[in-house]
Amino acid sequence: MIRAFRPDTDYPALAELLSADGAGPPVTAAELRGRDAALPDADRLTTDLRGRLTGHGRVRLVQPGPTGDLLGYATAWRAPWTPPGDLASLVVSAPGRAPAWLLPLYDGLERWGREAGAGRLLGELPDGHDGSATAGRDPTAELTGLLLGRGYRVDAHVRSACAPLGPHLPAPQPPPGLYLDTLATTLAPEPERQLHHLYRETLRDNPGFADTLPEFDDWRAEALAGPGGRPDWVFTAESSGRIVGATVVHGTADPLACRVHYTAVLRAWRGRGLARALKLQAARYLLGHGVRTAHTEVEAGNVPMVAVNAALGYRWGAGHRRLVKEL
């Protein structure tokens with residue numbers, strides 16, 4: 001039986017469920033409460049002039065177990081900068097549960113989305129086995145098949161990749177007329193505003209991007225000032241004071257590893273090896289500061305960036321597929 005999430009009692013069981021697969025660091029009930037406390041205390045869902053859902057709000061549903069545990073959890077939400085009409089979602093199952101048990105949770109999210117006036121529901125499923133596969137069965141593939149049969153479609157396939165950093169990396173060779181710099185040292189006018197514009201102009205070409213770019217302050221808080229962000233790890237390519245390309249790198253909890261958050265080149269400057277030069281500039285600088293491994297994510301359909309990363313020694317790992325359901 002599906003019911004609404006109960007903040008007064010469900011945080012410990014939810015923390016246990018979200019930590020059960022061991023894919024990331026364990027989460028605690030206190031951390032979950034803290035994250036929720038930072039969110040608005042009430043939904044403010046509205047519609048625009050075209051009748052599309054806007055504003056912010058969410059729903060949380062659980063599938064309780066017999067002893068106070070949670071066998072499944074599902075949430076759908078939208079932020080103010082989410083494209084009008086869209087909802088993001090997350091569905092989590094306890095290890096060993098058959099995929100069909102999750103379908104009532106998906107149904108609950110779809111029902112809430114329709115009642116709220118949403119146009120589509122977006123979600124993600126990880127690649128490959130999730131640790132509960134037995135006798136050759138792949139629960140992820142089984143669940144994907146079930147959802148495809150219920151009107152979902154695969155919208156993108158985002159893959160992870162990592163590369164060792166070492167002295168084997170050649171020196172970057174930017175195209176003629178371009179200068180490589182960092183956000184910490186650039187003399188370009190309003191460099192953060194220029195970077196925000198660069199994101200805006202290039203994200204629309206990325207097949208792995210399904211959102212809209214937040215306004216400047218929210219974007220800056222995530223891309224530049226968030227955890228791991230530092231101005232000397234934002235590498236820029238400039239022409240006469242104009243930033244035409246960038247690689248933004250974030251630090252991680254492991255001082256030997258970094259995460260390449262975003263690499264972008266304006267259309268007029270593509271096809272000249274600039275993305276490769278930016279990544280080499282970043283790699284050689286980070287190597288000199290003790291970093292030994294770079295991690296990133298790339299949409300499988302982004303052929304140019306896949307090729308650049310492969311040439312630089314990135315090894316491909318698991319990823320996730322984005323599913324979309326029109327409501």
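On a predicted model such as this, the values are computed, not experimentally measured, just so you know.
Val260 has its side chain out of reach of His295: every pair of non-hydrogen atoms, C-beta onward, lies at least 4.5 Å apart. Considering only heavy atoms from C-beta on, His197 comes within 4.5 Å of Glu201 through its side chain. Between Glu124 and Arg321, the closest side-chain pair of non-hydrogen atoms is not below 4.5 Å. In this structure the side chain of Thr293 never reaches within 4.5 angstrom of the side chain of Pro164, judged on heavy atoms. The shortest distance between side-chain heavy atoms of Pro172 and Leu278 does not fall below 4.5 Å. In this structure, the side chains of Thr182 and Val234 stay at 4.5 Å or more apart for every pair of heavy atoms. Annotation: side chain of Trp101 is not in contact with side chain of Leu71 (no heavy-atom distance under 4.5 Å). By the 4.5 Å heavy-atom criterion applied to side chains, Val248 and His250 are counted as neighbours.
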### Task
Go through the steps to decide whether Arg230 and Asp232 satisfy the test salt bridge (Lys or Arg N to Asp or Glu O under 4.0 Å), and finish with yes or no.
CA-CA 6 Å; Arg230 44 188 290 182; Asp232 60 326; 2.8 Å; yes

#### Entry: Step-by-step ring-ring contact (aromatic ring centres under 6.0 Å, His included) determination, Tyr11 to Phe5
CA-CA 9 Å; Tyr11 278 117; Phe5 177 81; 5.2 Å; yes

### Message
Between Asp205 and Arg270, does the salt bridge (Lys or Arg N to Asp or Glu O under 4.0 Å) criterion hold? Intermediate values first, please.
### Response
CA-CA 12 Å; Asp205 297 329; Arg270 295 175 191 170; 3.0 Å; yes

### Task
For salt bridge (Lys or Arg N to Asp or Glu O under 4.0 Å), just list the numbers for Glu192 and Arg220, CA-CA rounded to whole Å, side-chain angles, deciding distance to a tenth of an Å, and then say yes or no.
CA-CA 8 Å; Glu192 292 186 358; Arg220 185 183 185 280; 2.6 Å; yes

### Worked check of side-chain contact (heavy atoms from CB on, under 4.5 Å) between Arg276 and Leu312
CA-CA 8 Å; Arg276 172 183 170 86; Leu312 294 177; 3.6 Å; yes

### Message
Assess the residue pair Thr75 and Val59 against the criterion (side-chain contact (heavy atoms from CB on, under 4.5 Å)); give the C-alpha distance rounded to whole Å, side-chain angles, the decisive distance to 0.1 Å, and a yes or no.
### Response
CA-CA 5 Å; Thr75 179; Val59 62; 5.5 Å; no

### Query
Between Leu53 and Leu87, is a side-chain contact (heavy atoms from CB on, under 4.5 Å) present by the stated rule, with each step listed?
CA-CA 9 Å; Leu53 186 66; Leu87 294 173; 4.1 Å; yes

### Worked check of side-chain contact (heavy atoms from CB on, under 4.5 Å) between Val324 and Leu121
CA-CA 6 Å; Val324 177; Leu121 182 68; over 6 Å; no

### Query
Do Asp254 and Arg259 pass the salt bridge (Lys or Arg N to Asp or Glu O under 4.0 Å) test, and can you show the C-alpha distance, the side-chain angles, and the key distance before you say yes or no?
CA-CA 10 Å; Asp254 180 357; Arg259 182 173 65 89; over 6 Å; no

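Both the sub-6.0 Å distance and the 45° axial angle are not jointly satisfied by Arg114 relative to the ring of Trp112. For the pair Arg150 and Tyr106, the cation-pi test (distance below 6.0 Å, angle within 45°) is failed.
Follow the hydrophobic side-chain contacts under 4.5 Å out from Leu198 and you never reach Trp233; the two are in separate clusters. Residues Leu143 and Leu61 are members of one and the same hydrophobic cluster, defined by side-chain heavy-atom contacts under 4.5 angstrom among Ile, Leu, Val, Met, Phe, Trp and Tyr. By the rule that hydrophobic residues join a cluster once side-chain heavy atoms approach within less than 4.5 Å of another member, Leu280 and Leu165 end up as members of one cluster. If you chain together hydrophobic residues whose side chains sit under 4.5 Å apart, Val92 and Leu323 never meet in one group.
Counting non-hydrogen atoms of neighbouring residues, nucleotides and ligands closer than 6.0 angstrom, the CH2 atom of Trp316 exceeds 12 such neighbours. The environment of Glu31 atom CD is dense: over 12 non-hydrogen atoms of other residues, nucleotides or ligands sit within 6.0 angstrom. Heavy-atom contacts from other residues, nucleotides or ligands closer than 6.0 Å to CG of Leu49 number 12 or fewer. Crowding of Glu326 atom CD: a count of heavy atoms from other residues, nucleotides or ligands under 6.0 Å exceeding 12.
The two residues Pro255 and Val291 come nearest to each other via the heavy atoms O-CG2, 4.1 Å. Closest of all the heavy-atom pairs between Arg60 and Pro7 is NH2-CG, 4.1 Å. Between Pro126 and Thr140, the closest heavy-atom pair is O-CG2, 2.7 Å. Annotation for Leu183 and Pro191: closest pair CD1-CB, 3.6 Å, computed over non-hydrogen atoms. The two residues Ile243 and Gln194 make their nearest non-hydrogen contact at N-OE1, 2.7 Å. Shortest non-hydrogen contact noted between Gly241 and Ala188 is O-CB, 3.4 Å.
No side-chain donor-acceptor contact under 3.5 Å links Thr82 and Asp86. Checked by atom type, the side-chain pair Arg3/Gln63 shows no donor-acceptor distance below 3.5 Å.
Arg52 and Asp48 are joined by a salt bridge, as a carboxylate oxygen and a charged side-chain nitrogen come within less than 4.0 angstrom of each other. Residues Arg58 and Asp43 are not paired through a salt bridge, judged by the lack of any N-O separation under 4.0 Å between the basic side chain and the carboxylate. No salt bridge links Asp155 with Lys325; every basic N to acidic carboxylate O contact stays at or beyond 4.0 Å.
Going from atom CH2 of Trp77 over to atom OG of Ser89 covers 6.5 Å, rounded to the nearest 0.5 Å. His168 NE2 to Leu287 CG: the interatomic distance, rounded to the nearest 0.5 Å, is 9.0 Å. To the nearest 0.5 Å, the span separating CG on Leu105 from CG on Leu90 amounts to 10.5 Å.
Contacts of Thr46 classified as side chain to side chain donor-acceptor pair (under 3.5 Å), with partners at least two apart in sequence or in another chain: Thr54.
Each of Thr296, Thr247, Thr202 was scored for a side-chain hydrogen bond (donor to acceptor under 3.5 Å, both in side chains) with Tyr262, with one residue passing: Thr202.
Taking the six-membered ring where the residue is Trp, His289 and Tyr285 present parallel rings, their angle staying beneath 30° rather than reaching 60°.
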